[in-house]
Each structure stands twice: as C-alpha cells, then as structure tokens.
Amino acid sequence: MDNPFSNLFAAMSDYGNYESRKVNRTDINDYTIDTVYTSDYGYETAIWKNDSDDMAIVERYEDKNEAIEGHNKWVEFCKTNPSKVWNIQYDEYFEF
C-alpha cells in the first residue's frame, strides 16, 4: 500500500474495532505499551507515557508470534524508565 490515500482509508477502517485487533496492552510505571494489528502496516507496537496523546511507534512485525515477543521486549524496556525511544514512523527520537 504505497498510496497515501490507501493508507488513510486502511487506518480509518481500524477505527472502532480495537479489541479485535489488539495483541496486548500493558501499563507499567508511567508507560503504556500497546501492540495491535493495523490494516496499513500490520502488527506494530507503540509506546506512550502518562496518558499522553503523543506516542512512538517502536517496532513492526511480520506475524502475531513476533508481535507477542516484541511486545514483551518493549515491556522490559519500559521497566528501565527510558527518557526517549526511536520512533520508526518518523525516523527520529521521541522524548517522553
């Protein structure tokens, strides 16, 4: 899906059906780690802190098993109270 409009419509189709797309969601310390299936990019993990609207997409996966393993890895990462993380969506550091 290289067409930006296709990505937009795919993302819109995900709206409202979070529970059916959720792989796992974990709250630890002040962080939320959320791994879901998206129509535009497949499985991915996002992290945000303190109920912020701003989040970083930190990893994408080929399948659900990879997504489960990746989610657990990011939970462990957030136990260290990181101050920043690499956001793969924008190819830059995201500061919490």
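Residue numbers count from 1 along this sequence.
- One distance of note links SG of C78 with CG of D27; it measures 10.5 Å at 0.5 Å rounding.
- Using a 4.5 Å heavy-atom threshold, the side chains of F77 and V85 count as touching.
- Y43 places none of its side-chain heavy atoms less than 4.5 Å from the side chain of E66.
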Decide side-chain contact (heavy atoms from CB on, under 4.5 Å) for D54 and F94; before the verdict, give the C-alpha distance in whole Å, the side-chain angles of both, and the deciding distance to 0.1 Å. CA-CA 9 Å; D54 296 327; F94 175 85; 3.9 Å; yes
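- Heavy-atom contacts from other residues, nucleotides or ligands closer than 6.0 Å to NZ of K73 number more than 12.
- The CG atom of N24 sits 9.5 Å away from the CD1 atom of I33 when rounded to the nearest 0.5 Å.
- Between H71 atom NE2 and R25 atom CZ the span is 10.0 Å, to the nearest 0.5 Å.
- We find the CD-CE distance between Q89 and M55 to be 8.0 Å, quoted to the nearest 0.5 Å.
- Side chains of R60 and I88 form a contact here, defined as non-hydrogen atoms less than 4.5 Å apart.
- In this structure, W48 has its ring center no closer than 6.0 Å to that of Y31.
- Side chain to side chain, Y61 and T45 meet the donor-acceptor criterion of an N or O pair below 3.5 Å.
- Side-chain contact between F96 and I47: present, with at least one pair of heavy atoms (C-beta onward) separated by less than 4.5 Å.
- Between the side chains of D34 and T32, not a single donor N or O lies within less than 3.5 Å of an accepting N or O.
- Residues I28 and V23 share a single hydrophobic cluster, defined by chaining ILVMFWY side chains whose heavy atoms lie under 4.5 Å apart.
- Here the straight-line distance linking atom CZ of R21 with atom OG of S39 works out to 7.0 Å at 0.5 Å rounding.
- Distance CH2/W86 to CD/E92: 7.5 Å, rounded to 0.5 Å.
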